[in-house]
Amino acid sequence: MTGAPLPPELPTLADAIEAGDIGDDHAAAVCRALDRLPSAVAPADREVAERALVHHAREQDSQFVTAIGTQISDWLNPDGTFTDEDRARRRGLVLGPQGPDGMSRLSGWLDPEGRAYVEAVTAAAGPGRHLPDGTEGPDDRSPEQRCHDGVKLGLKAGIESGALGQHRGLPVTVIVTTTLGDLERAAGWARTGGTGRLPMRDVIRMASEAVHYLAVFEDHSERPLYLGRAKRLATADHRIICYARDRGCTKPNCFAPGYHSEVHHARPWSEGGTTDADNLYFGCGCDHTMATEGTYTTIVTEDGRIAWSDGTGPPRVNDVHHPERLLDRDDDDPG
């Protein structure tokens, strides 16, 4: 980190943490209480509220601090009114990592408009309507399961409508990569353009219902088909090849998925590098920029992978998007 040090946003809380007077649960309770205060509350009143909350945090447990925070919020904001700015500041959803069973936790806050949409699509998935594929018999879904199915229904309809435009040169849609063997056996997991995995049964059903990008490789083959082009910009086919082969940013130890990556020329275009599939690889925005500026150099290895170097060591490849390689490496493997 460079530049002049900045003062803490909550100085009283920062002093208490530095002194070791309160723990993480107390600090979280104080922050949540102050976050509930709308922007209309005067800065001086916020400071008083912070001091009061920290005082109680030094003497009581975090649940008590949470209760006191509610009391302070009701006192400083008796009408309970929040502005559009307050709601916009608090909105946010967090998509958690995918578990071994493929399930992912979603948490966060919806603004009023977002809630209205969720309520509408949840109603569309009401009892007996829009049952999951393969469901037979009576609709025994819980309210939480119907809400999930409604949100999924709305997202699917939004993607299929084509109204979401394009993302990095491709229509906003689902991009899936699998092997011919897994597809024929209808077994195993396919990879999405993000960090997700899809059971093959879901892949087959999705492919039958709508046009998504599905890239199928021969088993044990990672070298893409040759696609030549005389222009600098990569085609949509090139991006699909990068999704299938790279899965994400190719710079060593970078976890950015394909959806968040740009197409990088391994041999720079300015130095005669062609816009062909065997010279195009994924790099996230930050790493692609540093490679373009010369901070990193890249070369294509004999087995068709891209290796990066900052000049202080030998070129290295990135295996974080390929767990099968992480489990089958020699000790002297530079990746």
Side-chain angles (χ1 to χ4, degrees), residues 1-119 122 142-145 147-148 151 194-196 253-257 260 284-286 320:
M1 300 295 289
T2 61
L6 298 176
E9 183 179 350
L10 302 174
T12 304
L13 178 61
D15 290 342
I17 294 175
E18 184 176 6
D21 294 340
I22 64 176
D24 292 343
D25 54 344
H26 291 90
V30 172
C31 290
R32 283 196 301 268
L34 295 174
D35 186 55
R36 282 197 297 266
L37 296 176
S39 58
V41 174
D45 290 336
R46 284 180 174 273
E47 294 175 4
V48 172
E50 179 190 355
R51 289 196 296 270
L53 289 166
V54 171
H55 169 75
H56 289 290
R58 285 190 168 101
E59 301 177 352
Q60 303 289 341
D61 60 25
S62 59
Q63 292 183 341
F64 184 88
V65 176
T66 298
I68 289 296
T70 301
Q71 298 281 10
I72 291 175
S73 176
D74 291 342
W75 174 257
L76 294 177
N77 185 40
D79 295 330
T81 57
F82 286 82
T83 66
D84 291 339
E85 178 184 350
D86 297 319
R87 285 187 285 268
R89 174 170 54 87
R90 297 193 64 202
R91 79 190 190 284
L93 292 176
V94 177
L95 179 61
Q98 201 169 18
D101 60 353
M103 302 298 285
S104 305
R105 177 176 291 276
L106 182 68
S107 60
W109 293 96
L110 292 171
D111 63 15
E113 181 182 357
R115 179 186 176 90
Y117 295 143
V118 171
E119 288 177 336
T122 299
S142 67
E144 293 80 8
Q145 290 171 332
C147 183
H148 167 276
V151 171
T195 59
N253 301 326
C254 183
F255 285 86
H260 299 161
C284 69
C286 178
V320 299

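Here the closest heavy-atom approach between residue Val65 and residue Ala57 is recorded as CG2-CA, 3.6 Å. Nearest heavy atom pair, residue Asn253 against residue Phe255, reads O-CD1, 3.7 Å. Closest of all the heavy-atom pairs between Ala33 and Gly69 is CB-CA, 3.7 Å.
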Cys147 and Val118: CA distance, side-chain angles, deciding distance, side-chain contact (heavy atoms from CB on, under 4.5 Å) verdict: CA-CA 8 Å; Cys147 183; Val118 171; 4.1 Å; yes

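Counting only residues at least two apart or on different chains, no ring-ring contact (aromatic ring centres under 6.0 Å, His included) pair has a member in residues 92-117. Applying the side-chain hydrogen bond (donor to acceptor under 3.5 Å, both in side chains) test to every pair with at least one member in residues 92-106, sequence neighbours left out, gives no pairs at all.
A distance of 11.5 Å separates CZ in Arg32 from CG in Leu53, rounded to the nearest 0.5 Å. Expressed to the nearest 0.5 Å, how far CZ of Arg36 lies from CD1 of Ile72 amounts to 10.0 Å. With values rounded to the nearest 0.5 angstrom, Met103 atom CE is found 5.5 Å from His148 atom NE2. Note: Glu50 CD to Cys31 SG = 8.5 Å, rounded to the nearest 0.5 Å. Glu47 contributes atom CD, which lies 10.0 Å from atom CG of Leu10 (distance to the nearest 0.5 angstrom).
With sequence neighbours left out, the side chain to side chain contact (heavy atoms under 4.5 Å, CB included) criterion links Ser107 to Val94. Contacts of Glu119 classified as salt bridge (charged side-chain N to carboxylate O under 4.0 Å, His left out), with partners at least two apart in sequence or in another chain: Arg115. With sequence neighbours left out, Glu9 forms a side-chain hydrogen bond (donor to acceptor under 3.5 Å, both in side chains) with no residue at all.
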Below 3.5 Å, can you tabulate the donor-acceptor pairs from side chains in residues 12-26 to any protein atom, sequence neighbours excluded?
from, atom 1, to, atom 2, distance (Å)
Asp21, OD2, Arg58, NE, 3.0
His26, NE2, Gln60, O, 2.7

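Without hydrogens or angle criteria, Arg46 side chain to Leu37 main chain gives a donor-acceptor distance under 3.5 Å. For the pair Thr66 (side chain) and Ser62 (backbone), a donor-acceptor distance under 3.5 Å is present.
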